[in-house]
Undergrad: 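Quick one: the structure is below, questions incoming.
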Amino acid sequence: MNPPRITSPNIAVAPECWRRPVLADAVRAGGASVSSPAEAEALVWAEPAAPDLLPGVLEEGPGIEWVQLPYAGIENLVHLLDRDHRWTCGKGVYAEPVAEHALMLAVAGLRGLGTFARARQWSPPQGRNLLGGRVTVLGGGGITEALVRLLDPWGCRITVLRRHPAPMTGVDRVVGPDRLHEALGDADAVVVALALTAETAGIIDAAALDAMAPHAWLVNVGRGGHVVTDDLVEALSSGRIGGAALDVTDPEPLPDGHRLWRLENCLITPHVGNTPEMGLKLLARRVTENVRRYVAGEELLGPVDVDLGY
């Protein structure tokens, strides 16, 4: 912890502060003043899709010592991380809506919604309950914690795979990466909710898909790069797994005519687990809280580990 600040700090919202007035209001609500980068002690970065602009803003603001990034996933900004600044991101900010989306995709997949939605005539019954089922979640962060809470009334047996296994509330079993295939093997639904790093890229490959039960559904709300797309297409086409429900794909956006679009056992949503409309208010709350903590000299939420890249 640092000592509380005597004067209100200057914090910039960039690029183009006027495009994100809700974030400027969030800075003021936290007890700071909104300023230009040149006068700022901290920066709220409001444009995750334009990482090439960030170095120029930091160069313009030599006094900036803390940078708040907007999303939990920072793979397109990770090459800019340094030890000259404190970095925080949106870890946990969007966990609830993304977990809700993951639950929706899992139920839709297991219940055969993809087949029924495409049908043009009355079709035979299919599907199975998630109720009382087995769910494996890859990743132990905020999305997983929110999903575990949502699954509580369903009476599922939940396994979580994470880098450093440790007990989690509501989780029956927590395992490390060395037990990936074991964790996949008895699941009815496998939910990917990881940060994308060199270690997790391609974690769902042909071998992982082979380890899954023939009826199991894969749900990806992490990043498209977690799944080897060609391996998934082959597994879906051959019926090696029950299906896949994807909010993220590799490549993304998924091109018109891609084979995944044509597979009945594949559900695709266009990265809408959290939309900008849903997320901006949630991000504003995080900005206000972190600004308040910054002013008070308290630990900031969502710290980025520069070495791990998330």
Side-chain angles (χ1 to χ4, degrees), residues 48-52 69-80 89-91 94-95 97-99 101-102 104-106 108-109 114 136-141 143-144 147 161-163 177 180-181 183-184 187 189-212 216-276 279 308-310:
D52 55 308
L69 301 174
Y71 288 168
I74 60 170
E75 59 273 8
N76 66 335
L77 293 162
V78 70
H79 62 289
L80 300 175
C89 67
K91 292 177 185 177
Y94 314 108
V98 175
H101 198 77
M104 180 272 291
L105 290 175
T136 290
V137 188
L138 308 188
I143 294 172
T144 298
L147 180 59
L161 180 142
R162 60 189 304 181
R163 175 192 288 268
L180 170 64
H181 290 181
L184 298 175
V190 173
V191 179
V192 181
L194 290 160
L196 184 60
T197 67
E199 290 76 22
T200 65
I203 191 171
I204 301 296
D205 57 8
L209 293 162
D210 282 342
M212 290 174 58
W217 272 71
L218 174 70
V219 176
N220 190 2
V221 293
R223 288 291 186 266
H226 289 123
V227 177
V228 180
T229 301
D230 288 346
D231 292 352
L232 178 62
V233 169
E234 177 58 31
L236 294 173
S237 301
S238 64
R240 289 191 353 244
I241 64 171
L246 312 172
D247 190 46
V248 289
T249 60
D250 181 23
E252 187 175 304
L254 193 65
D256 294 351
H258 194 281
R259 289 179 65 190
L260 285 174
W261 289 118
R262 302 195 296 271
L263 294 170
E264 281 198 4
N265 57 349
C266 186
L267 294 170
I268 300 169
T269 55
H271 206 150
V272 291
N274 175 68
T275 67
L308 296 178
Y310 65 90

Undergrad: Rounded to the nearest 0.5 Å, what's the gap from CG on Asp230 to CG on Leu260? Could you check?
TA: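 The CG atom of Asp230 sits 9.0 Å away from the CG atom of Leu260.
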Undergrad: Who passes side chain to side chain contact (heavy atoms under 4.5 Å, CB included) against Ala201, sequence neighbours left out?
TA: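 With neighbours one apart ignored, the set is Leu196.
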Undergrad: Side chain to side chain contact (heavy atoms under 4.5 Å, CB included) with Ala187: which residues, sequence neighbours excluded?
TA: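 For Ala187 the side chain to side chain contact (heavy atoms under 4.5 Å, CB included) partners, ignoring immediate neighbours, are Thr136, Val190.
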Undergrad: Could you check if a side-chain atom of Val248 sits within less than 4.5 angstrom of a side-chain atom of His226, using non-hydrogen atoms only?
TA: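 No, side chains not in contact.
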Undergrad: Hey, does the side chain of Thr269 reach the backbone of His271 with a donor-acceptor pair shorter than 3.5 angstrom?
TA: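 Here the side-chain-to-backbone pair does not exist.
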Undergrad: Can you find a pair of side-chain heavy atoms, one from Val137 and one from Ile143, that are under 4.5 Å apart?
TA: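 No, every pair of side-chain atoms sits at 4.5 Å or beyond.
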Undergrad: Looking only at atom types and distance, does a side-chain atom of Asn76 sit under 3.5 Å from a main-chain N or O of Pro51, one as donor and one as acceptor?
TA: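 Not confirmed, Asn76 side chain does not pair with Pro51 backbone.
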Undergrad: In the structure I gave you, are the side-chain heavy atoms of Pro48 and Leu69 within less than 4.5 Å of one another anywhere?
TA: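 Contact flag for Pro48/Leu69 side chains = no.
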Undergrad: Within a strict 4.5 Å, meaning less than it, do heavy atoms of the Leu209 and Leu236 side chains meet?
TA: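 Sidechains of Leu236 and Leu209: no contact.
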Undergrad: For Asp231 and Asp205, indicate whether the former's side chain and the latter's backbone hold a donor-acceptor pair under 3.5 Å.
TA: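 Checking the backbone N and O of Asp205 against the side chain of Asp231, no donor-acceptor pair under 3.5 Å is found.
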Undergrad: Does anything in residues 218-229 pair up under salt bridge (Lys or Arg N to Asp or Glu O under 4.0 Å), and if so which pairs, sequence neighbours excluded?
TA: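 Non-adjacent pairs meeting salt bridge (Lys or Arg N to Asp or Glu O under 4.0 Å): Glu75-Arg223.
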Undergrad: Are the side chains of Leu246 and Leu232 in touch, meaning some heavy atoms are under 4.5 Å apart?
TA: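 Sidechains of Leu232 and Leu246: in contact.
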Undergrad: Within a strict 4.5 Å, meaning less than it, do heavy atoms of the Thr249 and Thr229 side chains meet?
TA: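 Side-chain contact under 4.5 Å: no.
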Undergrad: Using modelled atom types only, decide if a donor and an acceptor are shared between the side chain of Asn274 and the backbone of Tyr94 within a distance under 3.5 Å.
TA: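 No.
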Undergrad: What pairs of residues pass the salt bridge (Lys or Arg N to Asp or Glu O under 4.0 Å) test when at least one of them lies in residues 250-270, not counting sequence neighbours?
TA: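 Not a single pair qualifies under salt bridge (Lys or Arg N to Asp or Glu O under 4.0 Å).
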Undergrad: Can you pull the salt bridge (Lys or Arg N to Asp or Glu O under 4.0 Å) pairs that have at least one residue in residues 234-245, sequence neighbours excluded?
TA: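 Only Asp210-Arg240 qualify under salt bridge (Lys or Arg N to Asp or Glu O under 4.0 Å).
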Undergrad: So, do Leu184 and Leu161 sit near enough that their side-chain heavy atoms are less than 4.5 Å apart?
TA: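 Heavy-atom side-chain distance check fails, nothing below 4.5 Å.
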Undergrad: I'd like to know if the side chain of Trp261 reaches the main chain of Pro255, judged simply by a donor and an acceptor atom lying under 3.5 Å from each other, with no hydrogens or angles considered.
TA: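 Side chain of Trp261 to backbone of Pro255: a pair is present.
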Undergrad: Under the rule for side-chain hydrogen bond (donor to acceptor under 3.5 Å, both in side chains), what residues qualify as partners of Tyr71, not counting sequence neighbours?
TA: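 Here no residue qualifies.
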Undergrad: Any chance you could measure Thr200, atom OG1, to Leu138, atom CG, to the nearest 0.5 Å?
TA: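 Between atom OG1 of Thr200 and atom CG of Leu138 there are 9.5 Å.
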Undergrad: Got a second to check how far Leu194's CG is from Thr144's OG1, nearest 0.5 Å?
TA: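 OG1 of Thr144 is found 7.5 Å from CG of Leu194.
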Undergrad: Can you name the closest pair of heavy atoms from Arg162 and Gly140 and give their distance?
TA: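 Residues Arg162 and Gly140, closest heavy atoms: NH2-O, 3.7 Å.
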Undergrad: Quick one: NE2 on His101 to CG on Asp247, what's the gap to the nearest 0.5 Å?
TA: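 His101 NE2 to Asp247 CG: 4.0 Å, rounded to 0.5 Å.
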Undergrad: Contact between Thr197 and Leu308 at the side-chain level, heavy atoms closer than 4.5 Å - yes or no?
TA: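 The answer is no; the side chains never approach within 4.5 Å.
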Undergrad: Can you name the nearest heavy-atom pair linking Ser237 to Leu263, along with the distance?
TA: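 Shortest heavy-atom contact: OG-CD2, 3.8 Å.
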